[in-house]
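To keep things clear, I will list the structure first and then write my remarks on it.
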Amino acid sequence: MSQSVRIHAGVVLWSSFLAGAVASVVFFAAVDPALLRDAGPRVFDGLDREAGYALGFLFLWAVGAVASALAVFLVRTARAESGGNASGDGP
Amino acid sequence: MKAGEPLAHAADSAAEPMYAAAVKIYPREVSGRFARLRNVAVVVLLGLYYSVAWLTWNGRQALLFDLPARKFYVFGLTLWPQDFWYMALLMIIAALSLFFFTALAGRVFCGYACPQTVWTEAFLWIERLTEGPRQRRMRLDAGPWTLEKLLRKGGKQLLWLAFALYTGFTFVGYFMPIRSITSAALGGTLGPWATFWIGLYSLATYGNAGYLREQVCKYMCPYARFQSAMFDKDTLVIAYDTGRGEPRGARRRGTDAHAAGLGDCIDCTLCVQVCPTGIDIRKGLQYECIACAACIDACDDVMDKMRAPRGLIRYTSENAVSGRSLPRVRGRLLVYGGLLGAAATAIVVSLATRTPLLLDVIRDRNALYREVRGDRIENAYSVKVINEDDRAHRYLIQAEGFDGLQLAAPAAPVEVAAESVATVPVRLQAPSERAAGVHPIRLRVVALDGADFERVEKTRFIGPVEEEHAHD
Ligand code: SF4
Ligand code: SF4
C-alpha cells in the first residue's frame, strides 16, 4: 500500500470520525436510543442506552467514512481522466 | 542546516511535497516568559480536568453529563434532553469565542489551551523525565539497544500508558458517574461499553500526545486550516523581523553587526530547534505555526546574550510590521464580539428565567370525545409533568379556553418527586351545547407549596360537529 493511499485512508477515517461525533451529539440530544430500541426491530431487544449510543456513533462514523471514501475515490479518478496527475503524490 | 540535524520537515523534503514522511521532531526544551505561561496553562487546565470530575455538589457529582440517565448536571443546574437549547447555545458560544479570539490574537488557543498542546506538553515532560533532554534523546534513539535504553524507553512507555489510561478513565467519568465506574473498575465489573470508551480515549491520548503530536496540528486539525479566514492585517501573529534580522550570519560576540554588514540574526537555528512543528519562522508566517511562542523565548535568550534588544521574533501584526502600529477596531471584531455578546446574554437570561417544569400533553388516541351523563362532552389527555427541580413539588392543573370548560380529573393537586416525570390522566368536560367543534384551549400547571412558577401548554378540546350532533 503506497503512502498516499494510507494517508487518504487516514483522512477519510479521521474526517468521518469528526462528522460522526458531531452527528451523534446532535442526534442523541434529540432522540433517546431507548425509544428507538422499543420502536425498532427485535434484534435490538435487550440493548441498553449505552449500547445504543455506541452503536449509533459507530454507524454514523461508518456512513461518514463511506461518503468520504467515495468522495476521495471520485476526485482521484476524475483527475486521472482529465489527464492530470492521478494520485497527487508525485511522479 | 548542519549535517546530522534531524530537522528536515515537510517543506524541505522533496520526496513528499504534500505530507511529511513523518520525520521525528525532537523539540528542544525552552525557558522564558512564554514557556512559563504555557506551563502554568498546562498545570491549571490538566489540574481542572482531573479534579473537577471528583467535585460534588449537593451530594452528587458537580459536573456530569449523565448519558445513561439522559440528564446533565452542571453544578446547581439539572438539564434534561428538553433543554437541548442550552447545549446548542453553549456550543455556539464556544465557536464564536474561538472566532473572536482568533481574529484578535491569532492562534492563542493552539499555543496554550488546545488539548492537543496541553497533553503533548505533559507527554513531553514524561519523555524528558525518562529519556533526558533533547541531545540525550537523539543519542538514545540513534544508539544500540542497551539495558539502559530498554529501561528508559520501557519506563517512558509505562508512564505514558498509565497516564493515558487515567486520562481516558477521567474522560468517561464526565459521562457516567465517576465514583460508580471507579468501584466497578476496581471490582472488575466495568461494563463493556464503559471499557470500550475508556480504551478508545486512552488510545487516542496515547497516540496523539505521544506519537502524532505536531502532525495532528498539521494534518488533522480543521481549525488550523480555516483559521486564516479569521485573520486580518491586525491579527496578532508571531513573526520574525526580517528588516532587523537580515542578512543573517554567525559572528563573534561583541562584533559590531552593522559594521560587519550583518543583521541581528546570528543564525544559531535555536528558533528552529525549539519549534514543536519543526518550521523555520524566519521564512514567514506558515500555517503549521501553532503560535506557541517557543521561538520567541529562544530568540530573546540569544538576543540577551548578544546584548541586542529582545523581540527579533515577537508577537506582532502585519500592520505593525509595516509601520502601522495602532490596531484598529475592526468590523470583523465587532461582528464576532456582537454575536458572542448576544449569545451569552441569551443564555444568561434564559437560565435566569428558566422554569424547572415542563409539560407534554398528548390527547387520548382512542376517542375524539366521549359523552357523559347525556349532556356533557368529555376529552381525555395524558399530561406528562416533568419536574426538573431538585425537590418535590405539588402542582395544580387548570384548564381554560372557553365558557363552561371544566376540569373533571385529577381532583386533587398532583405530587411529583424531585427530577422525575409523572404521567397524569387529565379529563376535561364541557356542556354539550357549548362543546361543538374544535376549541383551542390551554392547560396551566401551577406549582403550589410556595414555589411560584407555572407552565402553560396549548392543546385542543374537540366536541361533536354540528350536523352530527343534530343527527344524534
Ligand atoms: S493546530 Fe489544531 S490541534 Fe494543533 S494546537 Fe492548534 S487547535 Fe490544537
Ligand atoms: S514557529 Fe515559533 S511560534 Fe510557531 S510553532 Fe514554531 S516555535 Fe512555535
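These numbers were taken from a predicted model, which means no experiment stands behind them. Each chain gets a letter, A, B and so on, in the order the sequences are listed, and its residues count up from 1.
Of residues 198-207 of chain B, not one residue has a non-hydrogen atom less than 4.5 Å from any non-hydrogen atom of chain A.
Around OH of B:Tyr166, the count of heavy atoms belonging to other residues, nucleotides or ligands within 6.0 Å exceeds 12.
Contacts of B:Met87 with chain A are absent, with no heavy-atom separation under 4.5 Å from either backbone or side chain. Neither the backbone nor the side chain of B:Ala88 comes within contact range of chain A, judged by heavy atoms closer than 4.5 Å.
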For residues 19-39 of chain A, dump all side-chain donor-acceptor pairs below 3.5 Å to protein atoms at least two apart in sequence or in another chain.
{"unit_1": "A:Ser24", "atom_1": "OG", "unit_2": "A:Gly20", "atom_2": "O", "d": "2.6"}
{"unit_1": "A:Asp32", "atom_1": "OD1", "unit_2": "A:Ala34", "atom_2": "N", "d": "2.9"}
{"unit_1": "A:Asp32", "atom_1": "OD1", "unit_2": "A:Arg49", "atom_2": "NE", "d": "2.9"}
{"unit_1": "A:Asp32", "atom_1": "OD2", "unit_2": "A:Arg49", "atom_2": "NE", "d": "3.4"}
{"unit_1": "A:Asp32", "atom_1": "OD2", "unit_2": "A:Arg49", "atom_2": "NH2", "d": "2.8"}
{"unit_1": "A:Arg37", "atom_1": "NH1", "unit_2": "A:Leu47", "atom_2": "O", "d": "2.5"}

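Judged by distance alone, with hydrogens and angles left aside, the side-chain atoms of A:Trp14 form a donor-acceptor pair with the main-chain N or O of B:Met220 at under 3.5 Å.
Counting heavy atoms from C-beta on, the side chains of A:Phe57 and B:Trp197 come closer than 4.5 Å.
Checking B:Trp193, B:Phe196, B:Phe175 one by one against A:Glu50, the side-chain contact (heavy atoms from CB on, under 4.5 Å) holds for a single residue, B:Trp193.
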